[in-house]
Amino acid sequence: MRYLFFITGDEDRWAAMPWAEAERGLGRVRAWEAEQRRAGTIVDGSELAPTASATTVRQVGERVVVMDGPFAETKEAIGGYYLVDVPDLDAAISLARSSPFLDLADIEIRPLVGTSRLEARAG
């Protein structure tokens, strides 16, 4: 089963972290990620640019509005994601628990909806 891990945290906290500390943490994350990719557990993933680079598109009445920045006003931001392929939610939770990201961020786990379910909704 495939899940998306959203890595969320406070961007200000990330930005304020001393470079040496950030490098140590990134080294742990890279090693963990490489191990999970070799095992086939992590299918894809990437760090995201800061929220200041975001563009939000939304409907306001009859108009579609394009805005700079994120829609939500919050300190918590999605800093990256992983697409993982594991047997079930328990395995996804176990994988998230093993992540070095937990020292600095939260991991939101969301199952992907299968294509057949989307087709059934559209049909």
Side-chain angles (χ1 to χ4, degrees):
M1 185 157 189
R2 289 189 171 196
Y3 294 87
L4 199 60
F5 284 13
F6 292 106
I7 312 301
T8 63
D10 182 339
E11 280 186 320
D12 292 338
R13 183 175 172 206
W14 294 337
M17 182 179 291
W19 184 251
E21 184 180 341
E23 280 295 303
R24 280 191 304 276
L26 188 55
R28 288 192 315 271
V29 167
R30 285 181 181 145
W32 175 82
E33 181 181 332
E35 178 183 326
Q36 298 309 318
R37 285 184 186 270
R38 280 191 301 274
T41 305
I42 290 180
V43 176
D44 192 14
S46 183
E47 180 180 359
L48 300 177
T51 57
S53 68
T55 301
T56 299
V57 179
R58 67 176 165 162
Q59 181 103 21
V60 178
E62 296 295 316
R63 297 179 317 133
V64 173
V65 178
V66 178
M67 303 173 6
D68 290 337
F71 176 71
E73 294 292 327
T74 179
K75 288 187 79 71
E76 295 292 310
I78 300 171
Y81 73 93
Y82 287 111
L83 174 62
V84 303
D85 192 356
V86 293
D88 54 31
L89 179 58
D90 288 337
I93 292 168
S94 180
L95 179 60
R97 281 185 171 155
S98 74
S99 170
F101 275 114
L102 292 180
D103 291 340
L104 187 60
D106 296 331
I107 300 174
E108 178 181 333
I109 302 170
R110 301 269 301 270
L112 271 62
V113 176
T115 303
S116 60
R117 183 171 169 196
L118 289 175
E119 291 170 349
R121 282 184 176 173

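If you read the sequence from its start, that first residue is 1, and numbering goes on from there.
Evaluation of the side-chain hydrogen bond (donor to acceptor under 3.5 Å, both in side chains) rule for R110 yields E108 as partners, not counting sequence neighbours. Evaluation of the side-chain hydrogen bond (donor to acceptor under 3.5 Å, both in side chains) rule for S98 yields W32 as partners, not counting sequence neighbours. With sequence neighbours left out, the side-chain contact (heavy atoms from CB on, under 4.5 Å) criterion links A91 to V86, P87, D88. Every residue two or more places apart in sequence or in another chain was checked for a side-chain hydrogen bond (donor to acceptor under 3.5 Å, both in side chains) with D90, and none qualifies. Partners of E33 under the side-chain hydrogen bond (donor to acceptor under 3.5 Å, both in side chains) rule, at least two apart in sequence or in another chain, are R37, Y82. Residues satisfying the side-chain contact (heavy atoms from CB on, under 4.5 Å) test with L48, not counting sequence neighbours, are I78, Y81.
Taking every heavy atom of both residues into account, E11 and P50 meet most closely at OE2-CA, 3.1 Å. Contact detail for A96 and L102: the closest heavy-atom pair is O-CD1, 3.3 Å.
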| task | Check the pair L104, R13 against side-chain contact (heavy atoms from CB on, under 4.5 Å), reporting the backbone distance first and the verdict last. | result | CA-CA 9 Å; L104 187 60; R13 183 175 172 206; 3.3 Å; yes
| request: I would like to know whether F6 and I107 meet side-chain contact (heavy atoms from CB on, under 4.5 Å); could you show each step before the answer? | output: CA-CA 5 Å; F6 292 106; I107 300 174; over 6 Å; no
| said: Pair Q59, V65 - check side-chain contact (heavy atoms from CB on, under 4.5 Å), show working. | reply: CA-CA 6 Å; Q59 181 103 21; V65 178; over 6 Å; no
| field | Derivation of the side-chain contact (heavy atoms from CB on, under 4.5 Å) call for T55 and M67 | value | CA-CA 6 Å; T55 301; M67 303 173 6; over 6 Å; no
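Annotation: ring pair (Phe, Tyr, Trp, His ring centres under 6.0 Å) contacts involving residues 11-30, sequence neighbours excluded, are absent. Each salt bridge (Lys or Arg N to Asp or Glu O under 4.0 Å) pair with one or both residues in residues 17-30, not counting sequence neighbours, appears once here: R28-D103. Screening residues 91-113 for ring pair (Phe, Tyr, Trp, His ring centres under 6.0 Å) gives no qualifying pairs among residues at least two apart or on separate chains.
Atom CG of D10 sits about 10.5 Å away from atom CE of M17, to the nearest 0.5 Å. To the nearest 0.5 Å, atoms CG (L83) and CZ (R2) are separated by 5.0 Å. Expressed to the nearest 0.5 Å, how far CG of L112 lies from CG of D85 amounts to 10.0 Å.
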With a 3.5 Å cut-off and sequence neighbours excluded, list the donor-acceptor pairs that the side chains of residues 38-45 form with protein atoms.
none

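Residue V66 belongs to a hydrophobic cluster whose other members are V57, V64, with links defined by side-chain heavy atoms closer than 4.5 Å.
Residues L89 and P111 are not in side-chain contact: their nearest non-hydrogen atoms beyond the backbone lie 4.5 Å or more apart.
Follow the hydrophobic side-chain contacts under 4.5 Å out from L4 and you never reach I109; the two are in separate clusters.
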